[in-house]
Structure formats: C-alpha cells, structure tokens
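Here is how names work: the chains are called A, B, and so on, in the same order as the sequence lines, proteins then strands, and each is numbered from 1.
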Number of protein chains: 2
Amino acid sequence: MKKCCKDSEGWQGKFHGYGYRMTVAREVILDLLSNTDKHMSAEDIYMKIHETHPNIGLTTVYRTLEVLSDMALVFKLDIGDGRARYELAESPKKPNHHHHLVCTGCRKIVDYSDFIDQEVKLLQDTEKGLSKKYNFKITNHLIQFYGLCGACSARA
Amino acid sequence: MKKCCKDSEGWQGKFHGYGYRMTVAREVILDLLSNTDKHMSAEDIYMKIHETHPNIGLTTVYRTLEVLSDMALVFKLDIGDGRARYELAESPKKPNHHHHLVCTGCRKIVDYSDFIDQEVKLLQDTEKGLSKKYNFKITNHLIQFYGLCGACSARA
DNA sequence: CTATTAATGGAAATGATTGTCATTAATAAC
DNA sequence: GTTATTAATGACAATCATTTCCATTAATAG
C-alpha cells in the first residue's frame, strides 16, 4: 500500500502530534514554501500549485495555511495591503531568522538579517520583561520597517 | 461668517499644507482619537461619532482615516484580525511612543513603553543601516509582540 | 456673495477570507 | 490487505471590511 506522501522532511510525525493528517495538499504547499524566498499570498500559492495539482482548491489552500500557521511551520505576515502573505517559519534545520523592510509604494519586501543579533538580544530581554510585567505568554514578535524603496522614491 | 471648525489644536494649517480642507468630520474624528487610549476600528469610530454626528457616514470615516494616515496624524495598526485599528500618532506636543503587546486570544492590546528607550536606540541604528544598505527611505516601524494574556492563558 | 472644486453620504461593488455540506481519502482497527 | 471511522476536500455560497460611484453639499478662493 502506497503511503500518501513521501514526507521527505519528516513532517508526518509533526502533523500527527497536532492531531492532523498528512495530505497531498499540505505536503505540496509546504514544499512550495520551502523552496521559495517569496512572500506568497494564498492566491499566489493556489495559482502556483494549480499548475501541477489542478485539483487542489483555493479553500483548501486557505485551510492548509491556517493549519500550518497553527503548527508554527508557517508564519503569516501582514504588510498592510489587504492580503496575508505566508513564509516558512524558521526552524532548527533551516534557521533563517529575519525581519522585514516593506516598501509602502510597491509592496516590495526585503528580508534583512543585518542587525538581527542585537535585535534578537534586545527582544529576548524585552520579551522576558513584558511577560512578567503584563503576565503574557509571548509566542512571537513582529518587527517591520516601512518606507519607500529607491525606485518608488525616485518615482514620487 | 462662521468658520467651519474651531481648530483648537491648530490643525487647519496642517490640512492646508497637504492640500486638504478642514471639515467637521475630520475634526470630530481627530478629537475622538485625541481623547481615547483605545485602538479603534473604522466602525468603532463611526459608531461613537454617530451618537453626536449621525450625519457622518461610514464611508467618510474610512476616507478621513486614510487622509489622516497620509498626513501622519494617525497611525494605522494591524493586529491580525481582519480589521484595521487607528490611534493618534505621536507628536512633539503629545509624545506617547509605545509598542504593542497583542493577545492572540482576545485581541486585547497593551501599549507598553517599558524598554522603549533601548528599543528606540537600536531601531535608530538599524534604520540608518538599512536605509543605506537597501536604499530605502524609512518612514516608520512596527514592533509587536504576540501571545496570550493571563485570562486567555488560563482559559486555554 | 458667488464660483470652484474638494468632500460627503448612501448604495452598490469589490475582494479576501470563511462557512456549508456532500464526497473523498488518510489512518486505525481488524 | 480490507473495512470502518472520521478528518480533509472542493465547489459554491456567504460574510465582512473596505472601496468605488455619483449626484449633492459645503469649504475656500476670488
């Protein structure tokens, strides 16, 4: 009996741990996000996987992204236009911690990891202080800089 | 001839500087945001001002908030549910720089300004570095921590 | 005070996301 | 491997925040 998914990354156990099943759609979407450095919207993802898996619907893409966010495999990102973007979360196997620099003109997103070390250090301290003072269980943070990229700046 | 608006804060000139007119709706909304520490959505604002100005429509609220954001009098805030919130931007007259701690359970927002000094220092350096390296004209930044507040944590 | 034109309001349109429900497929039990 | 169980799916409809349209009103210039 053929297994549903090849599970090359060892994700199956993780799905089971959360009480989820491993399915083709979930694997395809994880694969796609694993192999891009873009910040794709649900529709971007739908269009891309539609090329090879025309049977996967947009609704499923949305639901899958929600599941993956819930499992913290994927990070949902909001850059201020009305549509969410998704990127693979960092993991021990694939450390890629970065923050975002967003052009408010063309919505270009630059991932930067310069300065990250000091930022992370400060964030950890802040997180600890905030947790205690406000009794929050902090799960993650968002840092974004907004501005105009060179092209948009020139165009303005 | 009666002037449209009392302009107690000296906003009129600022509107004119941007080529906008000073109107009742704009003044009322600015007043409201000046006197609250809440993070109100467009609809919250509409409902509130509707009590005293039932002739101001929701569409105008949206348009006004866009104008005010454009003038940097108001800051548009996104906390991850599908609706934007607005708060008065900090100004020399009313310095209130803070960042946000957002409960992903109940969407409660805590404004904190602890640790702000170190954060601001680091952010300025980062901003300068990023500006140069990526040729961005950075206009603002967003820092948010996400987690569960005490109540939601207990409930979970 | 009148002319000009931005601003407005209400209704309709848009567009991302979510809900519904009958069908399919992944896993568990045998 | 076969069957039973139940989560996951897909197509469509529904929702809901935000925008667009357009005829009317009101802020400012002259």
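Proximity note for A:Arg63 (side chain, C-beta onward) versus C:dT27, D:dA11, D:dC21: the nearest is D:dA11. Listed candidates were D:dT28, D:dT19, C:dT27. Nearest to the side chain of A:Gln12 is C:dT27. Taking only side-chain atoms of B:Arg21, from C-beta outward, the nucleotide of C:dA26, C:dT17, C:dT5 with the closest atom is C:dT5. Of all nucleotides listed (C:dT8, C:dT27, C:dT17), C:dT8 comes nearest to the side chain of B:Ala25.
Taking every heavy atom of both residues into account, B:Cys149 and B:Lys108 meet most closely at CB-CE, 4.1 Å.
Looking at heavy atoms from C-beta onward, B:Val28 lies out of side-chain contact with B:Leu32 at the 4.5 angstrom threshold. Between A:Phe136 and B:Val110 the shortest side-chain heavy-atom distance falls below 4.5 Å.
One interatomic measurement links the two molecules: CG of A:Asp44 to P of C:dT17, which rounds to 10 Å at whole-angstrom precision. Atom pair B:His50:NE2 and C:dG9:P shows a separation of 11 Å (rounding to whole Å applied). Regarding A:Ile79, its CD1 atom lies at a distance of 13 Å from the P atom of C:dA16, rounded to whole Å. Taking atom NE2 on A:His53 and atom P on D:dT9, their separation rounds to 13 Å, with Å as the unit. To the nearest angstrom, P of C:dT17 lies 12 Å from CD of A:Glu66. Atom CD1 of B:Ile56 is separated from atom C1' of D:dT25 by 14 Å (rounded to the nearest Å). In this structure, the CE atom of A:Met47 is 13 Å from the P atom of C:dG15, given to the nearest Å. Spacing between atom CG of B:Leu65 and atom C1' of D:dA17 amounts to 13 Å, rounded to whole angstrom units.
In this structure, A:Thr60 reaches the D:dG10 phosphate: one of its side-chain N or O atoms is under 4.0 Å from OP1 or OP2. One finds no side-chain N or O of B:Tyr62 lying less than 4.0 angstrom from the OP1 or OP2 phosphate oxygen of D:dT19. When the side-chain nitrogen and oxygen atoms of A:Thr59 are compared with OP1 and OP2 of C:dT18, none of them lie within a distance under 4.0 Å.
Summary of the strand contacts: B:Tyr86 and B:Tyr20 both lie near DNA chain D, and taking for each the nucleotide with the nearest heavy atom, the more 5' one is attributed to B:Tyr86.
Side-chain heavy atoms closer than 4.5 Å link hydrophobic residues (I, L, V, M, F, W, Y) into clusters, and following such links, possibly through other members, connects A:Leu65 to A:Leu88.
Looking at heavy-atom distances under 4.0 Å, B:Arg26 makes contact with sugar-phosphate atoms alone, never a base. Residue-level contact check: A:Arg83 touches the backbone only, with heavy atoms under 4.0 Å from sugar-phosphate atoms and none from bases.
Between the side chains of B:Tyr20 and B:Gln12, no donor-acceptor pair of N or O atoms lies under 3.5 Å.
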